[in-house]
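Each remark here refers to the structure printed beneath this line.
Computed from a prediction, not measured in an experiment: that's the story for all the values here. Heavy-atom basis, side chains included; hydrogens, waters and symmetry copies ignored.
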Amino acid sequence: MYDNIKEMLIKNEGLVLQPYRCKNNFLSLGVGRNLDANGISEDEAMYLLENDIKRVIANLDKVWGVWREFPISAQEVCVDCAFQMGITGWMNFRQTRALMEMGCWLEASEEILRSKYATQTPNRAAYNSRQLALCQNAKKDIRPTSG
């Protein structure tokens, strides 16, 4: 019965993978999920986050594989920045990334603070800058590639 109901609802509501406004002007998603009235559960948010993290890591691996050679805290900065600004946005941080590749962690930490990112999200940028500065004396601790 559950499968029949699921098929019926998909047929009647449709499956829309981007947020949209329904006929009653409610923000909706998926199979008629009224986000205005129901939002999402914490479990659903964590499921989405897990998928987003996997996507960000896969993108970093694809376009800038050297990030895996950095100390763990620098790898986490890479994920955080690519998560927040998208992989294209993070790839535009050419000077910061070049300094990271050279192991110039203090300089990279300072460079990241000279960005528009630092003025838009100062606390997050300051945290990431501190994390990069701490890499100055860190050993490389490469994480396994499996999630």
Side-chain angles (χ1 to χ4, degrees), residues 2-3 6-7 9-11 13-22 25-147:
Y2 180 83
D3 287 338
K6 187 174 164 182
E7 286 179 34
L9 289 172
I10 291 170
K11 180 183 173 206
E13 294 280 345
L15 173 62
V16 182
L17 303 179
Q18 297 290 326
Y20 67 96
R21 294 276 171 196
C22 74
N25 204 34
F26 294 118
L27 185 61
S28 301
L29 178 68
V31 182
R33 167 66 70 94
N34 180 338
L35 294 172
D36 289 330
N38 300 316
I40 63 173
S41 69
E42 185 174 340
D43 286 344
E44 290 164 327
M46 292 301 105
Y47 177 80
L48 293 173
L49 178 60
E50 287 289 329
N51 287 333
D52 289 343
I53 291 168
K54 289 175 187 174
R55 178 185 41 80
V56 167
I57 288 172
N59 285 337
L60 282 165
D61 286 340
K62 181 179 178 182
V63 301
W64 196 46
V66 70
W67 79 283
R68 290 279 191 176
E69 299 174 18
F70 300 156
I72 291 298
S73 58
Q75 291 181 38
E76 291 171 353
V77 168
C78 292
V79 172
D80 185 59
C81 288
F83 184 92
Q84 181 183 11
M85 59 188 78
I87 193 69
T88 303
W90 177 233
M91 291 299 102
N92 286 331
F93 277 64
R94 289 175 186 87
Q95 186 64 29
T96 300
R97 292 187 309 101
L99 290 164
M100 293 170 75
E101 288 179 23
M102 293 185 289
C104 300
W105 301 111
L106 290 175
E107 294 86 347
S109 75
E110 293 166 357
E111 183 65 26
I112 208 164
L113 293 176
R114 289 192 277 273
S115 65
K116 184 177 178 182
Y117 156 74
T119 60
Q120 292 174 334
T121 53
N123 293 339
R124 192 172 191 169
Y127 175 81
N128 282 332
S129 174
R130 284 191 303 277
Q131 293 307 109
L132 291 176
L134 291 172
C135 292
Q136 194 66 27
N137 298 316
K139 293 180 183 176
K140 289 185 179 180
D141 185 12
I142 301 170
R143 285 201 173 155
T145 55
S146 61

Please report the shortest heavy-atom distance between Ser109 and Leu113, naming the atom on each side.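 Nearest heavy atoms, Ser109 then Leu113: O-CG, 3.6 Å.
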Do you know which two heavy atoms are closest between Ala118 and Ala125, and how far apart they sit?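 Here Ala118 and Ala125 meet closest at CA-CB, 3.5 Å.
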Do Phe70 and Trp67 have their ring centres less than 6.0 Å from each other? no
Begin from the C-alpha positions of Cys78 and Met100 and carry the test side chain to side chain contact (heavy atoms under 4.5 Å, CB included) through to its verdict. CA-CA 10 Å; Cys78 292; Met100 293 170 75; 3.5 Å; yes
Is any side-chain heavy atom of [X] closer than 4.5 Å to a side-chain heavy atom of [Y]?
X	Y	answer
Arg114	Ile112	no
Asn128	Leu132	no
Arg97	Met91	yes
Phe83	Leu49	yes
Tyr117	Arg124	yes
Val56	Gln84	no

Should the heavy atoms of other residues, nucleotides or ligands under 6.0 Å from OH of Tyr20 be counted, would the total exceed 12? yes
Determine whether a donor-acceptor pair (N or O, by modelled atom type, separation under 3.5 Å) exists between the side chain of Glu69 and the backbone of Val66. no
Could you measure the distance from the [atom1] atom of [X] to the [atom2] atom of [Y]? Nearest 0.5 Å is fine.
X	Y	atom1	atom2	answer
Thr88	Asn59	OG1	CG	8.5 Å
Cys22	Leu35	SG	CG	10.0 Å
Asn137	Leu106	CG	CG	8.0 Å
Asp52	Ile57	CG	CD1	11.0 Å
Glu107	Met102	CD	CE	8.0 Å
Leu17	Leu29	CG	CG	7.5 Å

Assess whether side chain to side chain contact (heavy atoms under 4.5 Å, CB included) is satisfied between Leu60 and Trp90, documenting all intermediate values. CA-CA 9 Å; Leu60 282 165; Trp90 177 233; 3.8 Å; yes
Lys6/Asp3 salt bridge by N-O under 4.0 Å criterion: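 Looking at Asp3 and Lys6, the cut-off is not met.
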Before you tell me yes or no, could you show the steps for Asp36 and Arg21 under side chain to side chain contact (heavy atoms under 4.5 Å, CB included), namely the whole-Å CA-CA distance, both residues' side-chain angles and the distance that decides it to 0.1 Å? CA-CA 10 Å; Asp36 289 330; Arg21 294 276 171 196; 3.4 Å; yes
Start with the C-alpha distance between Val16 and Arg33, add both sets of side-chain angles, then the distance that settles side chain to side chain contact (heavy atoms under 4.5 Å, CB included), and finish with yes or no. CA-CA 10 Å; Val16 182; Arg33 167 66 70 94; over 6 Å; no
